[in-house]
Amino acid sequence: MTIRVVIADDQALVRTGLRMILDNADDIDVVGEAGDGAEAVALVAELDPDVVLMDIRMPEMDGVEATAAIAAAYRARVLVLTTFDLDEYVYAALQAGASGFLLKDSLAPDLLAGVRVVAGGEATLAPTVTRRLLDRVVTGLPTSPPDDRLALLTGREHEVLQQLARGLSNAEIAGLLYLSPGTVKTHVGRILTKLGLRDRVQAVVFAYESGMISR
């Protein structure tokens, strides 16, 4: 199955570079390019892509607003492209419904893998980047009261969510908690269902906002 992608970035050179990488993959088809968030939303409505590669800072409508509009009304999943100096925007995009993020200096294989993971319904959370980035993003955020939904989770699900929020992969969580990767995957699925969350990215945001993870 071919993954249909829309690229949204206000820099034509960046769009060209991304298209060159994606066009080299047999299973990925770039169906459109947008120079701002409003154009990205319009293209999603017109072309019904699987994934949108979304820059954050763009004219007219920025990537956060565009992400929120897409997540609310369309099936396309948003993969945010960012740099470390825009951490606060990344957090806002995750809250708006983005399914993950990649750094703009990511290697081509990582970009391709991220698109495939997001298209498959999962979230792109590179463990090392997640730990470094989210630790910086949440610094200074106001402390939130405990979320009542935490009571829906079992003790083991609490443990899994805590490790997930620290950026660990299923395999790493399995090794730490002496579980099989399949069992961890099952726990993650149940966590998302109980908390009414879309994917792992939203689970990470929830864990920080609910006070499960120390800031």
Atom [atom1] of [X] and atom [atom2] of [Y]: how far apart are they, to the nearest 0.5 Å?
X: E159; Y: L153; atom1: CD; atom2: CG; answer: 11.5 Å
X: L18; Y: L81; atom1: CG; atom2: CG; answer: 6.0 Å
X: E60; Y: M58; atom1: CD; atom2: CE; answer: 11.0 Å
X: T16; Y: Q11; atom1: OG1; atom2: CD; answer: 11.0 Å
X: N170; Y: K185; atom1: CG; atom2: NZ; answer: 8.0 Å
X: D110; Y: L103; atom1: CG; atom2: CG; answer: 9.5 Å

**Asked** Step by step, would you call L102 with L111 a side chain to side chain contact (heavy atoms under 4.5 Å, CB included)?
**Response** CA-CA 7 Å; L102 290 175; L111 173 63; 3.7 Å; yes
Non-hydrogen atoms of [X] and [Y] that approach each other most closely:
X: M54; Y: A40; result: CE-CB, 4.3 Å
X: F101; Y: L79; result: N-CD1, 3.8 Å
X: A76; Y: V52; result: CB-CG2, 4.2 Å
X: Y74; Y: A45; result: OH-CB, 3.4 Å
X: P181; Y: A174; result: N-CB, 3.7 Å
X: A98; Y: T67; result: N-CG2, 3.5 Å

Next item on the list: Please test D27 against R116 for salt bridge (charged side-chain N to carboxylate O under 4.0 Å, His left out), starting from the C-alpha separation and ending with a verdict.
Entry: CA-CA 9 Å; D27 60 337; R116 290 172 181 136; 2.8 Å; yes
Notebook entry, point to check: Does a side-chain N-to-carboxylate-O contact under 4.0 Å join D50 and R75?
Noted result: yes
- prompt: Does the pair R4/D48 count as a salt bridge with the N-to-O cut at 4.0 Å?
  reply: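 Looking at R4 and D48, the cut-off is not met.
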- Message: Against E157, only a single residue in Q162, R190, K194 fulfils side-chain hydrogen bond (donor to acceptor under 3.5 Å, both in side chains); can you say which?
- Response: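 Running side-chain hydrogen bond (donor to acceptor under 3.5 Å, both in side chains) over Q162, R190, K194 with E157 returns exactly one hit, K194.
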Just by distance, do the side chain of [X] and the backbone of [Y] share a donor-acceptor pair under 3.5 Å?
X: H158; Y: L150; answer: yes
X: R77; Y: A119; answer: no
X: E39; Y: G35; answer: yes

Per side-chain contact (heavy atoms from CB on, under 4.5 Å), V78 is matched among I70, V44, V6 by I70
My understanding is that only one of L164, L161, T154, L152 makes a side-chain contact (heavy atoms from CB on, under 4.5 Å) with I191; could you say which?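 Exactly one option meets the side-chain contact (heavy atoms from CB on, under 4.5 Å) with I191, and it is L161.
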**Prompt:** Do the non-hydrogen side-chain atoms of R156 and L179 ever get within less than 4.5 Å of each other?
**Reply:**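 They are in contact (side-chain heavy atoms under 4.5 Å apart), so the answer is yes.
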- Query: Got V118 and S99 here, is their nearest side-chain heavy-atom distance under 4.5 Å?
  - Reply: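 Heavy-atom side-chain distance check passes, below 4.5 Å.
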Go through it in stages, so that I can follow the logic: the residues are D29 and I3, the test is side chain to side chain contact (heavy atoms under 4.5 Å, CB included), and I'd like the CA-CA distance, side-chain angles, deciding distance and then a yes or no. CA-CA 6 Å; D29 182 20; I3 301 169; over 6 Å; no
* Asked: Can L22 and L53 be said to form a side chain to side chain contact (heavy atoms under 4.5 Å, CB included), step by step?
  -> CA-CA 11 Å; L22 297 175; L53 282 179; 3.7 Å; yes
How about T186 and T183: does a side-chain donor come under 3.5 Å of a side-chain acceptor? no
* Single-linkage hydrophobic cluster L176~V188, side-chain heavy atoms < 4.5 angstrom -> yes
(Q) With side chain to side chain contact (heavy atoms under 4.5 Å, CB included) as the criterion, how do V30 and I7 come out once you've worked through the C-alpha distance, each side chain's angles and the decisive distance to 0.1 Å? (A) CA-CA 7 Å; V30 177; I7 299 172; 3.9 Å; yes
Inset, instruction - Go through the steps for D10 and R57 under the test salt bridge (charged side-chain N to carboxylate O under 4.0 Å, His left out), then give the verdict. - result: CA-CA 8 Å; D10 63 333; R57 280 191 168 177; over 6 Å; no
